[in-house]
*Asks:* 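Below you'll find the structure I mean.
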Amino acid sequence: MSLKATSREIGGVTVIDLDGRITLGDGGALLRDLIREKVNSGHKMLLLNLAGVNYIDSTGLGELVSGYRLVKAQNGELKLLNLTKRISELLQITKLYPVFEIHNDEVKAVASFSQ
Amino acid sequence: MSLKATSREIGGVTVIDLDGRITLGDGGALLRDLIREKVNSGHKMLLLNLAGVNYIDSTGLGELVSGYRLVKAQNGELKLLNLTKRISELLQITKLYPVFEIHNDEVKAVASFSQ
Amino acid sequence: MPLKPRRIEVVLETLLESIALAEEIGVSVAAAAGFDEDDQYKIGLAVHEGVMNAFQYGNQQQRERKIHVLFELFSEKMVIHVADQGTGFRLEDVPDPRTDENMLGDSGRGVLLMRTFMDEFDVQVVQGGGGEVIMAKRYRAQNNSQAM
Amino acid sequence: MPLKPRRIEVVLETLLESIALAEEIGVSVAAAAGFDEDDQYKIGLAVHEGVMNAFQYGNQQQRERKIHVLFELFSEKMVIHVADQGTGFRLEDVPDPRTDENMLGDSGRGVLLMRTFMDEFDVQVVQGGGGEVIMAKRYRAQNNSQAM
Ligand SMILES: Nc1ncnc2c1ncn2[C@@H]1O[C@H](COP(=O)(O)OP(=O)(O)O)[C@@H](O)[C@H]1O
Ligand SMILES: Nc1ncnc2c1ncn2[C@@H]1O[C@H](COP(=O)(O)OP(=O)(O)O)[C@@H](O)[C@H]1O
């Protein structure tokens, strides 16, 4: 039910694999803390792999946006990888789809970061 | 959610494959009607294959017992095949386990009928 | 620790569909409380049997009568109340379906299943009339009772 | 056909866990009503958002305040009421999160999701105070509205 997050480093990009639900409470807080921690430790090229995320509530969408703002304010980049159909739909409804850079191919996504 | 039942004839034995839940309402009524119909049309050697049944309530247990009584009263036999763990547990709790002849092997079960 | 229980109340009409619905809600609440899959099934079946009796005997299939299901999550156990608007019944009057005379009867196994699958089981008459079964399931040692 | 709706009432405490629980119950009820998996998800998310707002804004996380969720199954649609014990709010006061100024804000997307995923959406102040959102989802043509 809740969220699992693991992170990997690939050529200067931090890929965060997310699995579960991003909602008010555990999931949302975990994502927020993780992004903050990465940014604070100097990792500003973040790629969120949402392949395992099939459910995000409005709070979770808020976490994605505030993560995006935080990273941007530090001159970093936060991009999204592998949206499920439902998450893609949520980003479209809320008009957040054009805000994020969205990828389907991990190798190309990693290469897309300006380093 | 509800029950699916299909029947096959093998060497004079009617095998009824059940899939779903046997509970008050649809499932229980379907099973009752099917057994009655088989017996009325002269099929008195019945083997209920419960491999696909993972849920029976007290009403469903009642249907098994009344099917058993009906068949027996017509000098037929009603046996059970392939109990799931949960159904086996329910028959043990209610002490119905020794009442029924229970099989795990369809070929042997069919052969066990006196014809 | 006399923790105040977490409470979830559900009020259903006297309809056949309410049985499976209450069961599903029971499974959801049990899962949220941290019970494993086997216990979730047992709790669901106990709710199913309790609501089925409320439907049939208590409320005698009269749709406008209500079935109240209350889940209380204490720190050490989950308590479930199923109350109807009938006249109630006494546990002493329920025959044991496992005796030789009752063995091949069609009925009488619901109370037995509730008693077996739950750790505590009792029957009361609620204030203002109406039958009520109260049953409880304790968290097993390895369960995380803090989960919800 | 002015059929009397089937009613399922759920009363929850103001706890974080009540959000997911109400959502699960909503999905169960929607499934029983014959909605397909996609609609079940949308109804579940709408309930989730409604109860989350009742938890946060309406009842301001005060546990002893109640959240009432009522499901009404009419022959052509499912109506869901989520009522809290707060002071209510007006739809006109909720800013649109899709405008350029609000786009990058953290909040304001719950009402938008409820409106989008449901066919009808309205906000009222319930008798005796308290906010209430009322939303409805119609059965699609191919759905079997007789399923429950
Ligand atoms: N809610 C209730 N109201 C009144 N009587 C009840 C209620 N629940 C159970 N009973 C009585 O207890 C008996 C045993 O119930 P149960 O063990 O569930 O078996 P069954 O429903 O198959 O008879 C019923 O036959 C009925 O007389
Ligand atoms: N139950 C409620 N009681 C009082 N105010 C509410 C309620 N639900 C929503 N609101 C108000 O509507 C606003 C928009 O809610 P919503 O669209 O869910 O976004 P968010 O929760 O992210 O702010 C909230 O910020 C709040 O002011």
*Asks:* Roughly how far apart are C/Leu21 CG and D/Ile8 CD1, rounded to 0.5 Å?
*Replies:* 5.0 Å
*Asks:* With a sphere of 6.0 Å drawn around CD of C/Glu101, does it hold more than 12 non-hydrogen atoms of other residues, nucleotides or ligands?
*Replies:*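 Check passes, neighbour count above 12.
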*Asks:* Please identify each residue that fulfils salt bridge (charged side-chain N to carboxylate O under 4.0 Å, His left out) with C/Asp119, with sequence neighbours left out.
*Replies:* none
*Asks:* Could you check which of C/Leu16, C/Val10, C/Leu12 has the highest count of heavy-atom pairs closer than 4.5 Å to chain D?
*Replies:* C/Val10
*Asks:* Sequence neighbours left out, cut at 3.5 Å: what donor-acceptor pairs do the side chains of residues 85-92 of chain D make with other protein atoms?
*Replies:*
{"unit_1": "D/Gln85", "atom_1": "OE1", "unit_2": "D/Lys66", "atom_2": "N", "d": "2.7"}
{"unit_1": "D/Arg90", "atom_1": "NE", "unit_2": "D/Asp93", "atom_2": "OD2", "d": "3.4"}
{"unit_1": "D/Arg90", "atom_1": "NH2", "unit_2": "D/Asp93", "atom_2": "OD1", "d": "3.4"}

*Asks:* Tell me whether the count of non-hydrogen atoms from other residues, nucleotides or ligands lying under 6.0 Å of CD in C/Glu37 goes above 12.
*Replies:* no
*Asks:* Nearest 0.5 Å, please: how far is CZ in C/Arg63 from CZ in D/Arg7?
*Replies:*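 That separation rounds to 10.0 Å.
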